[in-house]
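One structure is given below, encoded as structure tokens.
Below, all heavy atoms of this structure are taken into account, side chains as well, without hydrogens, waters or symmetry copies.
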Amino acid sequence: MSGSGSMMDKTAELTEMRLDKWLWAARFYKTRQLAVEAINGGKVHVDGRRVKPSRLIRPGNRLEIHKDGLSWSIEVVALSAQRRPAPEAAQLYVEDETSRLNRQEQVRARRETGAQGERPRGRPTKRDRRMIERLIRGGDPGL
């Protein structure tokens, strides 16, 4: 059995697949585990319903995906057993025009307000450490 031929046959044979695996293959989530957590958290709906990660989807299903404050409303047009490069993964679905425009507006608004997210708390940066040292020594922290 030829390796490349069997993979093409496998992709052509797919009529349905698990939702979590499809979200991973379509590059909405970096890992299947992250996809499972999002589905269980109610961030993904199929045909307007909350579902389980094992839900089988097929071309024609409509998905609503909420991730990092952004929303997608898409229709599944193809299935893939493998995670492919982003341009190929984008061919697995078609996004509604209103969904695309709303998401672009959300991204633009974020950029304008500078709401890129707070820096994760943890160890101070080198700049923070220098400011702390100046404060401890009694000097002006400056900027």
Side-chain angles (χ1 to χ4, degrees), residues 3-4 6-143:
S4 63
S6 65
M7 183 50 75
M8 294 304 280
D9 294 339
K10 197 183 232 184
T11 303
E13 290 173 10
L14 286 177
T15 58
E16 57 187 21
M17 72 185 302
R18 287 176 57 108
L19 175 59
D20 60 337
K21 190 168 184 178
W22 186 88
L23 288 169
W24 167 78
R27 293 185 163 265
F28 281 98
Y29 296 96
K30 284 187 175 186
T31 65
R32 283 183 64 187
Q33 184 59 39
L34 289 174
V36 167
E37 290 170 10
I39 296 165
N40 287 335
K43 304 289 186 191
V44 179
H45 292 84
V46 177
D47 297 326
R49 295 184 184 163
R50 190 169 172 171
V51 294
K52 293 182 179 179
S54 60
R55 165 73 187 260
L56 295 177
I57 62 166
R58 50 181 55 103
N61 284 128
R62 300 208 47 80
L63 303 180
E64 294 171 28
I65 303 166
H66 302 282
K67 178 182 172 190
D68 299 331
L70 301 175
S71 299
W72 287 262
S73 181
I74 62 172
E75 180 178 345
V76 177
V77 293
L79 306 175
S80 176
Q82 283 186 311
R83 187 173 167 104
R84 307 295 302 162
E88 291 179 38
Q91 295 175 358
L92 298 178
Y93 59 91
V94 174
E95 183 175 11
D96 294 347
E97 187 65 20
T98 55
S99 169
R100 187 180 62 78
L101 293 173
N102 286 341
R103 197 177 69 260
Q104 287 175 345
E105 178 63 27
Q106 289 172 334
V107 169
R108 186 189 62 74
R110 271 189 188 179
R111 238 181 247 135
E112 286 178 359
T113 60
Q116 297 298 324
E118 290 187 25
R119 208 176 50 200
R121 293 288 169 206
R123 294 178 55 169
T125 64
K126 189 171 187 177
R127 180 175 181 260
D128 293 340
R129 183 178 47 78
R130 287 179 177 160
M131 289 176 66
I132 291 168
E133 287 175 3
R134 283 190 203 120
L135 280 171
I136 291 172
R137 281 187 264 132
D140 181 27
L143 291 177

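At a cut-off of 3.5 Å, with distance as the only test, no side-chain donor of Ser99 or Asn102 sits close to an acceptor on the other residue.
Residues Leu63 and Leu19 form a side-chain contact, since some pair of their non-hydrogen atoms from C-beta on lies under 4.5 Å apart. Taking 4.5 Å as the limit, some side-chain heavy atom of Ile39 sits within range of a side-chain heavy atom of Leu23. Residues Trp22 and Leu79 meet the side-chain proximity criterion, which asks for heavy atoms closer than 4.5 Å. For the pair Leu56/Arg18, a side-chain contact is recorded, criterion being any heavy-atom separation below 4.5 Å from C-beta on. Using a 4.5 Å heavy-atom threshold, the side chains of Leu34 and Glu37 count as touching. When side chains are defined from C-beta on, Tyr29 counts as touching Ile65, because their heavy atoms get closer than 4.5 Å.
Here Arg130 pairs with nothing under the side-chain hydrogen bond (donor to acceptor under 3.5 Å, both in side chains) rule; sequence neighbours left out. For Leu101, the side chain to side chain contact (heavy atoms under 4.5 Å, CB included) criterion is met by Glu97, Gln104, not counting sequence neighbours. For the ring pair (Phe, Tyr, Trp, His ring centres under 6.0 Å) test, no residue two or more places apart in sequence or in another chain qualifies with Trp24. Scored by the side-chain hydrogen bond (donor to acceptor under 3.5 Å, both in side chains) test, His66 finds Ser71 as partners (sequence neighbours excluded).
Taken to the nearest 0.5 Å, the CZ atom of Arg111 stands 12.5 Å off from the CD atom of Gln106. Expressed to the nearest 0.5 Å, how far CZ of Arg50 lies from CG of Asn40 amounts to 7.5 Å. To the nearest 0.5 angstrom, Thr98 atom OG1 is 11.0 Å from Arg103 atom CZ.
Ring to ring, Phe28 and Trp72 are close: their centroids are under 6.0 angstrom apart.
In this structure, Asp47 contributes its side chain and Arg62 its backbone to a donor-acceptor pair below 3.5 Å.
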Chi angles and distances behind the side chain to side chain contact (heavy atoms under 4.5 Å, CB included) call for Val76, Val46: CA-CA 10 Å; Val76 177; Val46 177; over 6 Å; no

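Under the side chain to side chain donor-acceptor pair (under 3.5 Å) criterion, the residue pairs touching residues 51-60 are Glu16-Arg58, with sequence neighbours excluded. The salt bridge (charged side-chain N to carboxylate O under 4.0 Å, His left out) pairs that include a residue from residues 78-93 are Arg84-Glu88, where partners are two or more places apart or lie in different chains.
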